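Worksheet: the structure to be examined is printed underneath.
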Amino acid sequence: MVHKILKWAVILCGFFFFRIVSSCQSTQVQLYHNAQLAPKHVQAKQAQGRLGMVATAHPLASQTAIRVLDLGGNAVDAAVAASFMISVVRPQSTGLGGGGFMILHHARQGLNKVFDFRERAPQQATQNMYLDHAGQPKPFVWQGKTYKSSSVDGGLAVAVPGLVDGLLRVHEQHGKLPLAALMEDAIRVAREGFLVYSSLAKASARRAPILAAVDASRRLFYPQGRPLQVGERLVQRDLAVTLEMIRDQGRAGFYQGKVAQQLTQSVRKYGGVLTQQDLDSYHMKERQPLMGRFKGSTLVTMPPPSSGGVHILQMLGILSQFDLSADRPGAVETVHLTAEIMRHAYADRARYLGDPDFVYVPVQELLAPDYLQAIAAQISRARATPSHELVHPDIQIPQESRSTTHVSIVDREGNAVSTTQTINHSFGSGVVAQGTGVVLNNEMDDFSVKPGVPNGFGLVGSEANKVAARKTMLSSMSPTIVLDKKGAVDMVLGAPGGPRIITAVFQVIVNRLQFKMDLYRAVQSLRLHHQWLPDKLMFEQTLLSPQDQVALQNLGHTVVQDPWFVGDIQAIAREGGRWVSVSDMRSEGVALAQ
Ligand code: GLY
């Protein structure tokens with residue numbers, strides 16, 4: 001009881017601190033303010049402490065991570081617990097049917113490790129599997145009705161899930177507490193339910209057609225013939241049983257036996273090609289972290305098959321070529337330069353990035369000082385470069401989602417975990433495997449499915465990211481840890497948001513390390529985004545005044561105020577001898593301290 005009172009005291013203190021901080025805005029920096037999120041559900045957007053720290057995209061996930069740290073668990077234990085919980089409470093974003101990346105900093109050993117448990121293409125996947133006889137993208141058709149592209153909706157969109165294998169193996173290698181202790185809260189919440197919140201309800205409305213079409217999805221996420229409603233209780237009994245099977249049988253509880261059978265049968269029922277052999281052969285990969293330096297700090301970030309780490313380092317490297325002494329955040333000159341740097345990075349992303357186990361990804365070349373200088377030399381501070389001048393000949397178009405979620409954790413020993421996890425689009429493929437509660441991903445859509453056809457986000461890719469059996473699709477997920485000059489953790493961060501992940505993480509790092517903002521401001525400052533194609537400088541809310549917009553248009557930019565500016569950064573940093581954790585105002589997340 002005392003423990004519970006203390007925990008709520010911490011949450012309330014965090015909340016009041018956040019209210020104070022958010023009321024004293026800087027004259028230079030415009031902060032995001034989301035009135036809808038205040039104060040009904042006690043939003044603790046910032047917390048401070050000296051022991052363990054947590055930032056996740058849902059209060060229950062943050063609370064379970066803190067509970068695990070209180071029990072003596074380490075950062076890995078807390079991250080595993082938060083991941084299972086977030087699979088339950090953000091079924092639109094992530095889950096057992098998805099995958100992700102994790103970066104671990106082990107303080108005592110000074111080690112950085114990267115775990116890739118992203119989904120992979122099934123063995124029966126082929127390059128043209130999403131095209132009809134005329135070479136056009138084919139839709140998913142079910143019971144005579146036509147849905148979205150077959151790489152987005154239905155069974156064919158489903159790649160081999162990796163999350164469970166990844167979490168279990170990372171826990172085996174680096175966890176301290178028994179798995180059962182880490183999964184207890186998630187199992188209880190799956191069984192007893194939790195209250196539906198706004199973005200979950202909206203996601204179920206957005207994905208209503210496919211959710212209503214698939215039997216097991218309809219029962220969960222389209223009850224009584226309508227989308228979920230805010231405030232109603234979402235109970236996932238089948239998911240609770242699946243979690244118990246994983247708790248009791250480990251990997252076999254998911255990749256073999258009854259659950260595995262239901263996964264493959266459901267995928268195949270809705271047109272997919274997932275087999276038991278695919279599940280048997282799935283194993284997480286450990287990769288070398290991608291390391292780089294900026295302003296005296298060392299960044300430990302995600303290598304391919306993520307494009308995130310490469311392009312965050314590339315953008316920081318190009319930025320470092322400029323004299324920024326007169327720049328200030330949000331000023332026209334700075335926005336222009338930032339957009340130009342993003343434009344160049346995304347043109348390279350489109351051309352070169354893919355699964356390094358299948359294609360050569362020229363990471364060292366893209367980050368070579370000569371190359372970064374050459375790009376910087378092409379950037380004029382007085383004129384925007386039209387994107388078509390950077391067009392490469394062999395473009396293809398992958399789609400990416402606005403879903404996904406991120407968890408940042410630091411424990412009392414200074415170990416840190418940064419993990420981003422996803423099922424791709426909201427509710428993934430829309431297929432819940434019968435009797436399991438598992439929402440299956442549509443990660444196959446992150447491949448370049450068809451050359452030359454712009455998607456909703458206008459992202460472009462190349463041969464490097466074409467579909468092939470057992471290949472990993474390109475990702476933008478960018479879990480990152482920043483180390484100080486002594487090699488200790490200084491910052492842990494990441495975000496959802498498809499292509500906007502990379503620019504969001506980049507801007508938070510620049511805000512903090514270049515513009516010396518505290519973490520709260522660095523996260524809540526309004527952001528911009530440019531991804532080469534479409535050739536648009538997208539900006540959030542009031543980042544640009546009408547005069548600034550005209551000034552940028554005069555430089556040659558097409559400026560667009562974009563209502564969708566996801567980011568949902570979850571971050572932790574060391575400030576003034578203590579830790580601060582911050583959860584983005586753009587979503588429902590909560591920052592807590594132990
Ligand atoms: N599915 C989004 C990403 O991996 O970038």
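The analysis underlying the following values was restricted to heavy atoms, covering all of them including side chains, and did not include hydrogens, waters or symmetry mates. This is a predicted model, so every value here is computed, not measured. One-based numbering, in listed order, for ligands and for the atoms of each.
- The shortest distance between side-chain heavy atoms of T422 and T420 does not fall below 4.5 Å.
- For ligand 1, the atoms lying closer than 4.0 Å to a non-hydrogen atom of D446 are 1 (N), 2 (C), 3 (C), 4 (O).
- Ligand 1 has E443 within reach: a non-hydrogen atom of the residue lies less than 4.0 Å from it.
- For E365, the salt bridge (Lys or Arg N to Asp or Glu O under 4.0 Å) test picks out no residue, with sequence neighbours left out.
- The shortest N or O to N or O distance between S476 and ligand 1 is below 3.5 Å.
- Under the 4.5 Å side-chain criterion, counting only non-hydrogen atoms from C-beta, Y130 is not in contact with D445.
- Atom-to-atom distance recorded for Q127:CD and F447:CZ is 11.0 Å, nearest 0.5 angstrom.
- Under a 4.0 Å heavy-atom criterion, R118 is in contact with ligand 1.
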